[in-house]
Amino acid sequence: MTAIRLITCHCCQKVSALNGDSHERPMVCSRCGSALHDRKQDSLTRTWALTLTALILYIPANLLPVMTVTMTGRAESDTIISGVEALLVGGMWPLALLVFFASIAVPVLKLGALIFLLLSVQFRWQWNPKFRTTLYGITESIGRWSMIDIFVITILVAVVQMGALATIEAGAGAVAFGGVVVFTMLAAMCFDPRLIWDTINAEE
């Protein structure tokens, strides 16, 4: 008895039967017309490229100012780290911890998790595939929370510009940090967690 292989459309989520000759001719979804793929194409290559791009952007995101505050003709720029320090000095430690977690800890942990998953697939590790799959799910789900810093800057710019006492401008660091968040989210989306289990299934 031949098992029926099913495939989910990445656009409309319709489940279709995978033809036996799918490698000879491309399949399309009967609902939305999108191309159907048994696996995410070039998953490792794309994920590595996006992850390394995010890793490169993470350096200027922390070194360059994320915003510049101009008050009474005096301009003062802040990086992510100096912003956290300023919040701590001002006694706003809960907000400082939130910014530190969202803007420093989460991106570092997410980049580390992606690199770990990529290396585990690249070198065909056998170690605990269930944990690695769970790690991937967590990594993919927390990506959007790294945008808290960008949201704060946007709100501050909108609110402060209403007055005449000060102006706030987003800096190059904010642009680089936004790039880090976007590229890590795309990297997580491009990674195919089924690759984790391929080596395990091959050994069985």
Side-chain angles (χ1 to χ4, degrees), residues 46-120 127-128 130-191 193:
R46 292 181 180 183
T47 308
W48 268 121
L50 293 167
T51 302
L52 292 178
T53 302
L55 189 61
I56 293 171
L57 286 175
Y58 188 73
I59 298 173
N62 284 274
L63 296 180
L64 298 177
V66 292
M67 67 178 180
T68 300
V69 180
T70 305
M71 184 177 296
T72 62
R74 180 183 175 185
E76 184 175 346
S77 299
D78 280 306
T79 61
I80 295 176
I81 296 295
S82 66
V84 173
E85 292 176 351
L87 290 172
L88 287 173
V89 171
M92 294 180 285
W93 61 268
L95 184 57
L97 290 177
L98 179 62
V99 173
F100 176 82
F101 178 76
S103 303
I104 298 177
V106 169
V108 169
L109 292 174
K110 189 170 185 180
L111 284 169
L114 286 170
I115 293 173
F116 170 76
L117 291 171
L118 286 166
L119 290 175
S120 72
W127 178 77
N128 206 335
K130 186 175 181 179
F131 169 78
R132 285 185 281 153
T133 305
T134 303
L135 178 63
Y136 167 73
I138 296 173
T139 302
E140 186 182 32
S141 63
I142 65 174
R144 61 184 67 92
W145 294 104
S146 301
M147 291 295 285
I148 288 179
D149 241 21
I150 305 301
F151 292 152
V152 170
I153 294 173
T154 304
I155 293 171
L156 284 175
V157 170
V159 172
V160 174
Q161 297 295 1
M162 295 179 182
L165 295 178
T167 58
I168 295 181
E169 296 180 356
V175 178
F177 184 79
V180 172
V181 175
V182 171
F183 281 114
T184 51
M185 290 176 66
L186 291 175
M189 292 171 59
C190 286
F191 183 78

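The chain is numbered in sequence order, starting from 1.
- Legend: residues meeting side-chain hydrogen bond (donor to acceptor under 3.5 Å, both in side chains) with R132, ordered by chain and number and at least two apart, are S120.
- The aromatic rings of F191 and Y136 lie tilted to each other, with the angle between the two planes from 30° to 60°.
- Between the CG atom in L50 and the CG atom in L55 there is a gap of 12.5 Å [rounded to 0.5 Å].
- Annotation: side-chain hydrogen bond (donor to acceptor under 3.5 Å, both in side chains) contacts of T134 (sequence neighbours excluded): none.
- Pairing each heavy atom of A54 with each of V180, the nearest pair is O-CG2, 3.6 Å.
- Shown here are the ring pair (Phe, Tyr, Trp, His ring centres under 6.0 Å) partners of F101, two or more places apart in sequence or in another chain: there are none.
- Shown here are the side chain to side chain contact (heavy atoms under 4.5 Å, CB included) partners of L97, two or more places apart in sequence or in another chain: W93.
- In this structure, the side chain of S103 does not engage the main chain of F100 through any donor-acceptor pair within 3.5 Å.
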In residues 56-64, what donor-acceptor pairs under 3.5 Å come from side-chain atoms, sequence neighbours left out?
from	atom 1	to	atom 2	distance (Å)
Y58	OH	I104	O	3.4
N62	ND2	Y58	O	2.8

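- To the nearest 0.5 Å, atoms CG (L52) and CG (L114) are separated by 10.5 Å.
- Here the shortest heavy-atom pairing between E140 and A188 reads CA-CB, 4.1 Å.
- Pairing each heavy atom of T47 with each of A187, the nearest pair is CG2-O, 3.4 Å.
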